[in-house]
Protein chains: 2
Amino acid sequence: MKSGSKASTTEGRVTPEGLEKLAGVFRVFGEAGRLALLQELKEGEKTVGELVELSGIGQAGVSKHLKMMHDADILSRRKEGTKVYYAVSDPMVFELCDLVCSKLVREQEQLRAIEYVI
Amino acid sequence: MKSGSKASTTEGRVTPEGLEKLAGVFRVFGEAGRLALLQELKEGEKTVGELVELSGIGQAGVSKHLKMMHDADILSRRKEGTKVYYAVSDPMVFELCDLVCSKLVREQEQLRAIEYVI
DNA sequence: AATGATTATTCCTATAAAGGAATAAACGAA
DNA sequence: TTCGTTTATTCCTTTATAGGAATAATCATT
């Protein structure tokens with residue numbers, strides 16, 4: 001067992017500041033545009049321009065979203081000339097999305113089952 | 001392998017509507033007050049009044065947060081007399097929080113290691 | 001029916017965040 | 001240095017959400 005790290009683990013209580021940080025991370029994922037960008041980045045690193053093309057989001061928006069995710073330590077950033085490559089730096093991202101996705105699928109199946117009965 | 005369920009699984013593409021739903025779920029977790037309520041509910045079902053006491057959030061706020069989480073199929077609701085008991089209905093909730101918590105702990109440990117070097 | 005207790009909802013205000021246009025900044029090439 | 005490309009930032013408007021006070025709704029008790 002590791003020693004300190006009192007601020008934000010889920011066994012036992014989490015401090016209000018810990019909860020705020022937690023919520024902050026979830027908020028990063030709480031926007032469809034950012035999830036779309038993550039979906040593109042799942043296939044590998046991409047430049048801002050490529051992501052603008054692929055996502056249909058405006059350049060400013062993409063740049064802001066990427067900065068936000070980079071600040072949250074979700075993306076890595078690599079500069080090459082005038083281009084900037086972003087990549088997912090924490091695979092937790094996909095575990096998170098898979099968890100919620102499977103939940104949504106479960107719900108949908110349940111709905112379908114109900115429709116079937118009716 | 002299950003058959004249909006095209007709308008929102010993470011292998012392959014997720015539709016824009018799927019992404020919107022996904023984001024919506026994350027937004028539920030993107031607020032410290034709601035996480036605090038979930039933390040209380042981790043120990044078992046509680047009434048609205050108990051949660052008001054425990055969380056320090058106002059009655060209206062608690063009620064609204066609970067409704068939101070119930071609508072998102074995260075909480076179950078049981079009425080007994082004038083009291084209403086809420087409980088976490090999907091253990092995914094805790095997996096989600098644990099995932100993000102462990103990420104935060106990792107980051108904090110990394111920060112600590114850097115401080116140690118300096 | 002009237003009262004008290006509990007929860008839900010409405011209304012308002014304040015805050016935060018998204019989105020777009022324009023501009024700035026960083027960099028390479030000529 | 002100047003120009004073109006790419007990305008970041010600023011400014012503005014709009015929308016969404018939290019939070020509180022007040023009110024409504026629900027239910028048991030008398």
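Here is the naming used below: chain letters follow the sequence lines, and residue numbers restart at 1 for every chain.
- OP1 or OP2 of dA8(D) has at least one side-chain nitrogen or oxygen of Arg77(A) nearer than 4.0 Å.
- Contact between the side-chain N/O atoms of Tyr86(B) and the OP1/OP2 oxygens of dT6(C) is not found at any separation under 4.0 Å.
- In this structure, Glu20(B) atom CD and dA16(D) atom C1' are separated by 12 Å, rounded to whole Å.
- At least one side-chain nitrogen or oxygen of His65(A) sits closer than 4.0 Å to the OP1 or OP2 atom of dG19(C).
- Hydrophobic clustering (ILVMFWY, side-chain heavy atoms < 4.5 Å, transitive): Leu54(A) and Val52(A) are in distinct clusters.
- Atom CG in Asp71(A) sits roughly 9 Å away from atom P in dT9(D) (whole-Å rounding).
- Look at CZ on Arg27(A): it is 13 Å from P on dT17(D), rounded to the nearest Å.
- The side chain of Thr82(B) lies closest to dC27(D) when the candidates are dC27(D), dA22(D), dT7(D).
- Between the CG atom of Leu66(A) and the P atom of dA18(C) there is a distance of 13 Å, rounded to whole Å.
- Between Ala60(A) and Gly30(A), it is Gly30(A) whose nearest contact on DNA chain C lies nearer the 5' terminus.
- Heavy atoms of Tyr85(A) sit nowhere under 4.0 angstrom from any nucleic acid atom.
- Within the nucleic acid shown, Gln59(A) comes within 4.0 Å of at least one base atom, counting heavy atoms only.
- Backbone-only engagement by Gly49(A) is indicated by non-hydrogen atom pairs under 4.0 Å involving sugar-phosphate atoms exclusively.
- OP1 or OP2 of dA8(C) sits under 4.0 Å from a side-chain N or O of Ser63(B).
- Annotation: cation-pi geometry satisfied between Lys42(A) and Phe94(A) (NZ/CZ under 6.0 angstrom from ring centroid, within 45° of ring axis).
- Here Gly61(B) lies out of heavy-atom contact (under 4.0 Å) with every strand.
- We find that CD of Glu31(A) is positioned 18 Å from P of dA16(C), with the value rounded to whole Å.
- For dA18(C), the OP1/OP2 oxygens have a side-chain nitrogen or oxygen of Arg34(A) closer than 4.0 Å.
- At a threshold of 4.5 Å between non-hydrogen side-chain atoms, the residues Glu80(B) and Tyr85(B) count as touching.
- Taking atom NE2 on His70(B) and atom C1' on dA8(C), their separation rounds to 13 Å, with Å as the unit.
- In this structure, Lys83(B) places its NZ atom 18 Å from C1' of dA25(D), rounding to the nearest Å.
- If you check every strand for non-hydrogen atoms under 4.0 Å, Lys64(B) touches a base.
- In this structure, Phe29(B) places its CZ atom 14 Å from P of dA18(D), rounding to the nearest Å.
- Between the side chains of His70(A) and Arg77(A), no donor-acceptor pair of N or O atoms lies under 3.5 Å.
- Using a 4.5 Å heavy-atom cutoff, the side chains of Leu66(B) and Val62(B) are in contact.
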